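A short write-up of the structure that comes next.
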Amino acid sequence: MATLDRVKILVLGDSGVGKSSLVHLLCQNQVLGNPSWTVGCSVDVRIHDYKEGTPDEKTFYIELWDVGGSVGSASSIKSTRAVFYNSVNGIVLVHDLTNKKSSQNLYRWTLEAIYKDSSPTGIIVSNGEYDREQFVENPLPLLLIGTKFDQIPENKRNEVLTRTAFLSEDFNAEEINLDCTNPKYLAAGTTNAVKLSRFYDKVIEKRYFTKDPSQMAGFTDRKRFNFKSLHYD
Amino acid sequence: FMRQLFKDYEVRQYVVQVVFSVTFAFSCTMFELIIFEILGALSSSSRYFHWKLNLYVILLVLIFVVPFYIGYFVVSNIRLLQKQRLLFACMVWFTFMYFFWKLGDPFPILSPKHGILSIEQLISRVGVIGVTLMALLSGFGAVNCPYTYMSYFLRNVTDSDILALERRLLQTMDMIVSKKKRIAMTRRQMFQRGEDQNKQTRFWEMIKSVTSTQTGSENLSQIQQEVDALEELSRQLFLETVDLHATKERIEYSKTFQGKYFNFLGYFFSIYCVWKIFMVVFLHVLFSFLSQVKFWSQHISFILVGIIIVTSIRGLLITLTKFFYAISSSKSSNVIVLVLAQIMGMYFVSSVLLMRMSMPLEYRSIVTEVLGELQFNFYHRWFDVIFLVSALSSILFLYLAHKQAPEKHMAL
C-alpha cells in the first residue's frame, strides 16, 4: 500500500552505539525495551508531513534503514552490506558520546556508504586528516546524532559538546545529542524535534524537488566558532 | 598485535590492558625457558629460580585476578545490578573458586601429602582445564585446517548465485518495508479517527468507530507477525549472502600466488595433522616398541617441540583475533579481552605440561623438580582422549555442514 512517495535514509554507526534504539524511538515513539544486536539490516517506517501547516503539505514515507556491523568487518560482510546502500537519499550518522572511536569511525562509514565499491581503508584516515572537499560535493544530506547523552557526567559535558561541534562542522551537518531511552529529547516542540523534521524536509526536497538553493528551507546558520585553526585529533 | 586488537574499540580500562600484556609476557617467558632448558643455555640454578617465579606470577594472575575482573565486568554489563557491582563480583568469584575445587575431586590428582593451597594443587586444576581446552581446540584445528586450506573442498560459487541471493534479500526487505508502511498508515488512521471521535458525541458513531478500530488492531497484530517472520528470513538471507561472499573471496584468493603457497602449506599441515591423529592412536597400541627408538627420537622430538610451539602460538593468535573481531562490541570488549587473557594463560600452562610428553627423559628432570609430584601420565591420557573425541566430532560436524550446504542451494 505504498500509495505515498518514499525516501530512504540510512542509519550508520558502530556496533552498539544505539542505532536500533534510535530508530525505534523515531518511528514508534517508544523506547526499545530489549535492544539486541542487529544482524543484517532492520527497517522502520515513519510517516512525515512535508511542509506541515502550509498548503504545500504532502505526506511521505520515510524509511530508516538500520544497518548492523562495524567498519572493521570482514570484506565479505562489507560487500553484503553494500546491497543496502543503493538509492539512498540521506544518511543519519550515529555515534556514542561516551566512546571517541565511534565518532572517528564515522568518516569511514560515510565513505563506505558513498563509495560503495571501494574499500574505505584505502582512502583515509588515521587521525582525522581527511579531505573536506569530498563532503562538500556530496549531495546527500547528513545528520549527526550522539547517543548515550545521559551517561556523560556533568563536568565532562562541555568538552564532549565542543568535540561534537567540530564533528558536525566537518560533515556540514546538523547535530543532535540525546539519550535513546528517554523520549523527552524528541518531544514535539524541542529543538531536537525541529532539527529532525528539518532534516527530513531537506532529504525530501533533495529527492523530489529540483535543487534550487534559494528555495530550500533555511537552516539557521550555525554559529561558526572561531576554532577553525584548532583541529581536533 | 595489541594495536591490531584494539584498533577499532576503546578499551578504556588500562588495567585490562595491563593484565593482558602481563599474561602474554609471562607465557612467552615460559616458552623461552623451555627452549633454554633444552639447549642448556643458562646455569641450572638460575633457570630453576626463573621457573618458580614465572609459575607463581602466572598462577596468581590466572586464578585470582582474571576471574575476578571477568565477574566484575560481566556483572556491570547487566544493567539491573549496577548498584551492588562489587558484591556480586565477589559472589561470582567465589562460585568460580568452588567449581574450581570441585573439578579436582573426580580426578586422581591429589596426593595426601600436600596442603590445600599448595602450588601443585593449583597447577593441577589449571592444568586440567587447560588441557581440556587445548585438546578441544587442537582437535578442531587439526580437522579445520585441511578443510579451510584445501581448495578441493571449496564449493563453486558463481556471481549469478550471489546476485540471485542478493535480489532475494532485497525483495524480502521491500516486503518488510511495505508491511511496515501499512502498519504505520493504519496506526495513523486509527489515531486520526480517535481524534475525530473525541469531537463527536453521537452514540452510534462511537460504536462504529470502536468496531472499525477493533478490526484495525486485529489486522495490525497479524501484519506484525508477518513482519517478524519476514525479518527473521531477511536475517538468514543476509547471513547466507555473507557466506557466499566469503567463499567467493576464498576462491579468488586461492588463484593468486600467495593462495597457492598457502594451499601447499595446507596440504603439508593436513598431512601433519593426520599423522598426529594416527600417532595418538598408535601410542596406545605400540607402547612397548618405543623404547628401542629412543636415541633417534630425541632429535625428532626436539624438532617436533619447536614446531608445535610455533604453530600452536600462531594458530592460537590467529583464532583469537578472528574470534575477537567476530563478537566484539563496545560493551563487552573488556570482558572479551579478559577471557582471552585467561584462555591464553591456561593454554600456555597446559602446553608446558604437555610438552613433557614430547621431551626425552633427561630434560624432564628440572621440570619435574619444579612442578612437584603430579601425575603426568594422567594428563597425557586425558589429553589424548579429549583430542580424539574432539577431532572425530569436528569431522562429523564439518561433514554434515558440507553436505547440508549444497542441498540448501539446490532447494533455492
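On a predicted model such as this, the values are computed, not experimentally measured, just so you know. Reminder, nothing fancy here: chain letters follow the sequence lines and each chain counts from 1.
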**Item:** Under 4.5 Å from any heavy atom of chain A - which part of B:L169
**Value:** side chain
**Prompt:** Any idea which heavy atoms bring A:V43 and B:M173 closest together, and the distance?
**Reply:** CG2-CE, 3.1 Å
**Message:** Rounded at 0.5 Å granularity, tell me how far NZ in B:K181 sits from CD in A:E63.
**Reply:** 4.0 Å
**Message:** So, taking the atom named CG in A:D44 and the one named CD1 in B:I183, what distance separates them when rounded to the nearest 0.5 Å?
**Reply:** 9.0 Å
**Asked** Less than 4.5 Å apart, any side-chain heavy atom of A:W65 and any of B:V177?
**Response** yes
